[in-house]
Structures are given as C-alpha cells and as structure tokens.
Asks: 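To start, I am sharing the structure in question, which I have written as structure tokens.
Computed over heavy atoms, backbone and side chain alike; hydrogens, waters and symmetry mates excluded. Throughout, protein chains are lettered first and strands after them, A, B, ... in sequence-line order, and every chain is numbered starting at 1.
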There are 2 protein chains.
Amino acid sequence: MGRRPALQRSDFVAAAIEYADEVGLDGITWRTLGTRMGLSHTAIYSHFRDKDELLAAMINTVLANIPDLVGDVSGMTPRDALAHVARCARAALAQHPRIVPALPVANSFGESTALVHRASALLVAAGVPEHDLPSAYQALEAYIVGTTVHDFAGAPNHLERRRLRYRLVGTEPFDVVSRTTAEIARHNELVFERGLQVILGGFLPLSPPAT
Amino acid sequence: MGRRPALQRSDFVAAAIEYADEVGLDGITWRTLGTRMGLSHTAIYSHFRDKDELLAAMINTVLANIPDLVGDVSGMTPRDALAHVARCARAALAQHPRIVPALPVANSFGESTALVHRASALLVAAGVPEHDLPSAYQALEAYIVGTTVHDFAGAPNHLERRRLRYRLVGTEPFDVVSRTTAEIARHNELVFERGLQVILGGFLPLSPPAT
DNA sequence: ACCTGAACACCGTTCAAGT
DNA sequence: ACCTGAACACCGTTCAAGT
C-alpha cells in the first residue's frame, strides 16, 4: 500500500465548501476541516497561508461555476443572453447559499476579468455606448449580487425568517405571499426576474444597433 | 463621589458600534469592548445573552436612524418621497459601512414594521395596486440593501479594491472611472441613483392615480 | 440588578521535527 | 514538499461571589 498522494489545494477548497454548506462560514473550524480530510489540524498551512486565503479560494471556486452554467449564448439576442448570464450567476450563488454573505465583503467577483469582458461585449452588442459600459455593467452586477445576497445571506433559515417578517406586516397582500416558505421562495424568484428585466430595460437602449 | 450609575443597553450598543466602525465586526472582542467601557470583559453578560444579541441590537440601532434622516415627506410626490427614503436608507447604512455586511445575514430590516408600512403607503399613493405591494416593496428593499451592501461591504478598503478590479479590466471606459477612489465613490452614487430611478420607473405605474 | 475574577473549552497560528 | 504534534496567545461563555 503506497502512501496516499499529496492533496491539492483544490481538495481543501472542495472540502471546505462542502463543510461550509453544512455549518456556515462561521462554523468552519481548522481542526474539524483537517479531521474531515483525515489530516491534522495544521496540515492546511502547507497549502494556505491563513483562513482568509482559503475563504478567497472558496469564493473564487463558487464563482468559477458561472461560465459553466452559462454555456453557449451565440443563438440569443444580446439582451436575452445578459438575462441568461444573470440567472446563471444567481443560480451558481444559490447552490452555496451559506458562502454568499462573504461575497460582497471580498468584493472580488471572480479573480479573472473574463466575466466582465463577456458581459461588456454583450452590453455593447445590445447597443450600450462605450462610455456607459462601466455604469451599465456595475448596475447589472450590483443588482445580481445585491439581490441574491439580500435573498440568500440568511441561509439556511432565510426563507422562514423573511416569511415571519412579512407576516408581521399584517396587511392582506403580505399575508398572501408569506403563507409558506415555498411561496416566499417563489416570490423571491419572481421579483428577481421582474427587477432584472426592469434593470435591463433601463440601461439598454430601446432598439439594438443594426448589425 | 457616588457610584457611577448603572449602564444601559444603549450604552453598550453605542460603544460597540463605535468600536466596530474602527476595527470591523470580526475585530470586536468582548474583552476590549469591556475595557473600553471601563468594565470587566464579562460585564456585558448582564445586558446581553451573547454576542449575537448585541449584534442584532447594533443593526437595529443603525437602521433606527433611517426615519430620522427621512423626516417630513408630505410635500413630495409619492415617487420623490420613495426615492428620498431610498437615499436616506443608503446614507444611514453608509454611516457605518463596517456593520453593513451583517445586514443581509440578519435579514431584519429593522425590528419594527414601521418602515414597511410607510413605504407601502407611498407605493399605494404612487398607484401600485394592492396585490402588487409585496413585489414592489421587495424589489425596492432588495435594490437598496443589495446595492449598498455590494458597494460598502468591503469597507474600509472597498473603494480601492473596486478601483483595482476595474483597472484590471483594461479597457478605456473602465480606466476612466477607476483613476482615483474618489472617482469610484462618485461612480457608485451615480449608478445607485440611476438604478433607483430605473427600479421606481419599472415598478410604479406611468401616471399616478387621481386624488 | 449589575458587576468582578477565576476558570473552562476552544480556536487560529507558529514552530520544530519527521518523512 | 507535505504533514504531525506540542505549544502559545486569545477568545466566548459560565459561574460563584461580591455590592
């Protein structure tokens, strides 16, 4: 029986993400993470300088899923493609809701600029003038990240907590959407989609440029 | 010299907020907070069950500033009043940027429903139909909280971090807005204001109801 | 009721040592 | 290069005791 091959950085990141999905970011312990991987609690220092470096790697790994989810958008209109990218970004974050709160703090929407370039190209194709690109891009990113954080950051009790909050409002329309957590979840996605179309409509010109 | 009067919960909350403004939420220590107030590090347990309870009180205190900033809106159109409330909410959060990251996690936009009722009344006055109130309210709240968290959560280095990120994009329009942190800050507020008008325009009917 | 001080269990990090 | 185990400083929380 040969010695087990040395573990990779990615092994630690994957284990840490799975671990955080269970107990939340604040629940992660160097010692438990080591034990889970069959190592001592100091083994991790061979791969990461400190906890912050591991956390950054976790965030980047979650964000790296977005391009995979997006896939090929060449058949779509620029506006549809942008909406699709937005939904995929939200979906990628929603897969690991307990890591979501760290995203705005890290303020690194991916360690590469690939996503920015991709979105920029779509915005240009949709007719956004060059000088307006940073505003349009930031509005879109802030909307996606912001609303997703707003919806999921309280995981795993986010749905029940918002349900109770809306219940306390005490008026009939809020009662309707706060009967069950399933209804809250449905409402969240509905509002996200509506707001997304509103944002796209507000920052994209009415008619795309002639090709 | 009589004994110093017993401290209130609000004294601890105020000291904790000031403390968090300096070192961030993760930097807060039970012991240092006690020392700062001239008490032992366990005195706080006479007023708060645990750290989470103090944090919740801190958030509620920050949010309680919003109504004070809003003031009287009776002279404004409903839409202008909503925009004003949105700006005040952002301003109240921006006053304590290092507490902002905890806001979506707590998922409690104030412990009272007063703000929801106030916003609801304005939305109704602006012509939003009753059944649409939860969607319109949530879109607005998610936009305000979400974008503000997105902009400020990385404090105190949030401006420089975003500046470097935009700089890495490498295209001319992003270069323009990332020359200085002051320019980034200006850009943040500009995009917030534009997006706010877009959201209001998208969720409010075109013409307000006749009075 | 409010506060103190000792004590406890736990945690991130360092470091010398092993292979 | 990768990992171990002891050690260190620190932290949140508990609790018996003081006023």
Side-chain angles (χ1 to χ4, degrees), chain A residues 1-61 98-99 101-102 105-106 108 154 157, chain B residues 1-61 98-99 101-102 105-106 108 154 157:
Chain A
M1 305 202 286
R3 215 172 54 232
R4 185 181 57 186
L7 293 170
Q8 310 274 329
R9 262 177 80 99
S10 56
D11 296 320
F12 287 85
V13 174
I17 290 175
E18 193 179 342
Y19 183 19
D21 285 342
E22 296 174 23
V23 302
L25 278 177
D26 290 343
I28 283 191
T29 274
W30 235 220
R31 282 165 164 81
T32 313
L33 180 57
T35 304
R36 274 169 156 255
M37 305 184 68
L39 299 172
S40 86
H41 68 280
T42 51
I44 311 173
Y45 285 97
S46 301
H47 299 265
F48 301 89
R49 186 152 31 85
D50 54 22
K51 239 188 162 188
D52 277 346
E53 193 176 298
L54 174 63
L55 178 62
M58 292 166 65
I59 293 174
N60 283 327
T61 300
R98 303 190 73 159
I99 297 177
V105 179
S108 85
N157 304 319
Chain B
M1 304 201 290
R3 216 171 56 231
R4 185 181 58 186
L7 293 169
Q8 311 273 329
R9 262 178 79 100
S10 55
D11 297 320
F12 287 85
V13 174
I17 290 175
E18 193 179 342
Y19 183 18
D21 284 342
E22 296 175 21
V23 301
L25 279 177
D26 290 342
I28 282 192
T29 275
W30 234 219
R31 283 166 165 80
T32 313
L33 180 57
T35 304
R36 274 168 155 256
M37 306 184 67
L39 300 173
S40 85
H41 68 280
T42 52
I44 311 173
Y45 285 98
S46 301
H47 299 266
F48 301 89
R49 188 151 31 83
D50 54 21
K51 238 188 162 187
D52 277 346
E53 194 176 298
L54 174 63
L55 177 62
M58 292 165 66
I59 293 173
N60 283 327
T61 299
R98 304 190 74 160
I99 297 177
V105 179
S108 84
N157 304 318

Asks: Could you check whether any side-chain N or O of B/D50 sits under 3.5 Å from a backbone N or O of B/E53, counting only pairs where one atom can act as donor and the other as acceptor?
Replies: yes

Asks: Nearest to the side chain of A/L7, which nucleotide is it out of D/dC3, D/dA7, C/dT4?
Replies: D/dC3

Asks: Measure the shortest side-chain to side-chain distance between A/H47 and A/D11 over non-hydrogen atoms and say whether it is less than 4.5 angstrom.
Replies: no

Asks: Give one of base, sugar-phosphate or nothing for A/I28, where a contact means two heavy atoms less than 4.0 Å apart.
Replies: sugar-phosphate

Asks: Of the listed nucleotides (D/dT13, C/dT4, D/dC3), which one gets closest to any side-chain atom of B/H41?
Replies: D/dT13

Asks: Between B/K51 (side chain) and B/I28 (backbone), is there a donor-acceptor pair under 3.5 Å?
Replies: yes

Asks: Between A/V23 and A/T32, is any pair of side-chain heavy atoms under 4.5 Å apart?
Replies: no

Asks: Counting only non-hydrogen atoms, which of residues 42-58 of chain B are less than 4.0 Å from DNA chain C?
Replies: B/T42, B/A43, B/S46, B/H47

Asks: Ignoring hydrogens and angles, tell me if any N or O in the side chain of B/T29 forms a donor-acceptor pair with the backbone of B/R31 under 3.5 Å.
Replies: no

Asks: For DNA chain C, find the residues of residues 14-21 of chain A with a heavy-atom distance under 4.0 Å and give them by number; none if there aren't any.
Replies: none

Asks: Defining pairs by Watson-Crick or G-U wobble geometry with both distances under 3.5 Å, how would you list the stems of DNA chain C with at least three pairs each?
Replies: C:4-8 with D:12-16, C:12-16 with D:4-8

Asks: Can you check whether B/T29 has a side-chain N or O nearer than 4.0 Å to OP1 or OP2 of D/dC11?
Replies: yes

Asks: Has the side chain of B/R9 got a donor or acceptor atom that lies under 3.5 Å from a matching backbone atom of B/F48?
Replies: no

